[in-house]
Amino acid sequence: ISSASVTLAAGTNTTITVVYTVNDEATAGATDFVQLVATSRGDGDVSDDGAIGVRVIRPSLSISKEVFADKSETALSGNPLPGADLWYKVTVTNASGATVAAAADVVVTDDLPTQLTWVATEEVDGTTDDWDFARTGQLVTATLKANLAANGQAVFWIHVTIN
């Protein structure tokens, strides 16, 4: 809760921007109210108040990781042997709906098992510039450079070999 005062000369108008920060525990779709009070100072204070409902919207992310024999999404056949290449397709999806917001600062980490050797982390088509990639040991980190819109998807590949 905070408040601020603005002094106006008689007969003037102003626009005031109100910034509302959503509580971390608020669920998507919940409604909260912002109370605004205007008070005229002079021959006796006169107040007028109003409230505006604020509906909480937030991202709703899910992630999937599928394994393929190659980037053409060829299904694995049998049990892959040491030395075989595997391609993990990682898809991040933001749900759709009236209470879903764009997701900012999307970061995906994948701690690869020691039975795998990292080869590369790549964009889906190899030409776009949607992700920043980093790797420390077996930990692969992918950071999405832009917001992920509601009903949006972002995809990348992790290429590994079996030890």
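Positions are given from 1 along the sequence.
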Self-check item: T143 side, atom OG1; D105 side, atom CG - distance, nearest 0.5 Å
Solution: 9.0 Å
Quiz item: When you measure from the side chain of R135 to the backbone N and O of G137, does any donor-acceptor pair fall under 3.5 Å?
Solution: yes
Quiz item: Considering only heavy atoms from C-beta outward, does the side chain of V108 approach that of F156 to under 4.5 Å?
Solution: yes
Quiz item: Hey, are the side chains of T99 and V56 touching, using non-hydrogen atoms and a 4.5 Å cut-off?
Solution: no
Quiz item: Should F133 and L139 be regarded as members of a common hydrophobic cluster, given that ILVMFWY residues are connected when their side-chain heavy atoms come within less than 4.5 Å of each other, either directly or indirectly?
Solution: no
Exercise. Could you pull out the closest heavy-atom pair between Q138 and L116, with the gap in Å?
Key: NE2-O, 3.0 Å
Exercise. Keeping the roles fixed (side chain from E73, backbone from F68), state whether a donor-acceptor pair exists under 3.5 Å.
Key: no
Quiz prompt | Nearest heavy-atom neighbours spanning A98 and I57 | solution = O-CG2, 3.4 Å
Self-check item: Pairs touching residues 153-163 that satisfy side chain to side chain donor-acceptor pair (under 3.5 Å), sequence neighbours left out
Solution: D85-H159, T93-Q153, T117-N163
Self-check item: Distance-minimising heavy-atom pair for T31 and G53
Solution: CG2-CA, 4.4 Å
Exercise. Of all the heavy-atom pairs spanning G29 and R55, show the shortest one and how long it is.
Key: O-CG, 3.9 Å
Practice problem: Kindly indicate whether the side chain of K145, heavy atoms from C-beta on, has any atom under 4.5 Å from the side chain of D130. | Solution: no
Quiz item: About how many Å separate CD1 of I63 and CG of D110, when rounded to the nearest 0.5 Å?
Solution: 8.0 Å
Quiz item: Any side-chain heavy atom of W131 within less than 4.5 Å of one from V92?
Solution: yes
Practice problem: Report yes or no: do V160 and L76 belong to one cluster of Ile/Leu/Val/Met/Phe/Trp/Tyr joined by side chain heavy-atom distances under 4.5 Å? | Solution: yes
Exercise. Using atom types as modelled and distance alone, determine if a side-chain donor or acceptor of D70 lies under 3.5 Å from a backbone N or O of W87.
Key: no
Exercise. Evaluate the side-chain proximity of I158 to W118: yes if any heavy-atom separation is below 4.5 Å, no if none is.
Key: yes
Practice problem: Determine the minimum heavy-atom distance between P59 and V100, stating which atoms define it. | Solution: CA-CG1, 4.4 Å
Practice problem: Tell me, yes or no, whether the heavy-atom count around N79 atom CG, taken from other residues, nucleotides or ligands under 6.0 Å, exceeds 12. | Solution: no
Exercise. Taking N94 for its side chain and L148 for its backbone only, find out whether a donor-acceptor pair lies under 3.5 Å.
Key: yes
Self-check item: Same apolar cluster: I162 and V119, side chain cutoff 4.5 Å
Solution: no
Quiz prompt | Nearest heavy-atom neighbours spanning E123 and K71 | solution = O-NZ, 4.1 Å
